[in-house]
Amino acid sequence: MGVKNTITIKTDEELQILREAGKKLAAIINEVQCSLKTGMTTKDVDRITEDIIKGYQVIPAFKGYRGFPGCACVSVNEEVVHGIPSKRVLNEGDILSLDVGIIYKEYYSDTAVTLPIGQIDPQLNKLLEVTEKSLMLGIEEAVIDNHLSDISHAIQKYVESHNYTIVREFVGHGIGKNLHEDPEIPNFGQPHQGPVLKEGMVLAIEPMVNLGTWQTKILKDGWTVVTQDGKSSAHFEHCVAITKAGPEILTKL
Ligand code: MG
């Protein structure tokens with residue numbers, strides 16, 4: 001974790017590395033996405049992710065991070081985030097949150113997407129759409145001179161207007177030479193609060209949106225976060241640089 005209240009400002013050289021890292025990660029996620037099939041286990045997904053990461057000659061950031069056993073966090077349906085790769089089988093109609101981090105030239109990149117497995121219920125499709133859109137609306141607020149909570153507020157407002165709920169216990173974060181740097185970025189809150197955003201900040205923004213209650217619990221494995229009511233949850237994440245030209249999404253092709 002970063003030092004409290006210390007938000008690093010990246011130099012142009014650092015930003016260039018983070019840009020390259022983001023592009024590589026976007027390509028990796030895209031390849032993993034293309035190889036997903038009904039009947040795979042989440043462990044299979046992790047193995048595929050590891051192979052693809054190796055192909056890009058970057059380091060899997062999550063493997064071993066505080067003891068996490070996989071390269072990818074693979075969270076199915078009621079699992080919100082931090083799902084451990086396991087024997088759980090992907091069935092038609094499931095949704096899978098795939099969260100992957102890499103290290104490239106000593107800098108971190110982090111992204112997540114929630115994917116449908118085969119045909120999914122229209123209600124789940126809507127959950128995915130709203131969650132991804134809320135991320136985009138949050139990103140639009142990542143501009144110089146806005147306050148950090150303008151991002152948080154935009155996400156919450158949109159999500160709650162669709163009667164879904166925002167997870168409170170897990171939040172976004174700054175990113176750079178460390179996977180988790182200041183600031184913490186909640187996906188809820190009043191606007192115009194917290195630090196003022198400055199050119200060169202890089203933020204990992206990651207709304208987690210639930211169909212039912214916002215409350216979560218951690219399973220006995222010590223990692224997997226699930227919704228308390230067992231209803232489904234979606235999660236999207238991008239790394240975003242704050243630039244003079246506006247928010248720049250680093251983790252896209
Ligand atoms: Mg993250």
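Indexing begins at 1, ligand by ligand and atom by atom, following the structure's order.
No hydrogens or angles considered: nothing links the side chains of H153 and Y158 as a donor-acceptor pair under 3.5 Å. In this structure, a donor-acceptor pair under 3.5 Å is present between the side chains of H173 and D110. With hydrogens and angles left out, the side-chain atoms of Y56 and E31 include a donor and acceptor closer than 3.5 Å. K231 and S233 form no side-chain donor-acceptor contact under 3.5 Å, judged by distance and modelled atom types alone.
Salt bridge annotation for E14-R19: absent, with no cationic side-chain nitrogen under 4.0 angstrom from a carboxylate oxygen.
The number of protein N, O or S atoms lying under 2.8 Å from the Mg ion (ligand 1) is 4.
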Note to self: Test salt bridge (Lys or Arg N to Asp or Glu O under 4.0 Å) on K177 and E106; report intermediate values, then the result.
What the structure shows: CA-CA 6 Å; K177 275 215 155 184; E106 295 180 14; 3.4 Å; yes

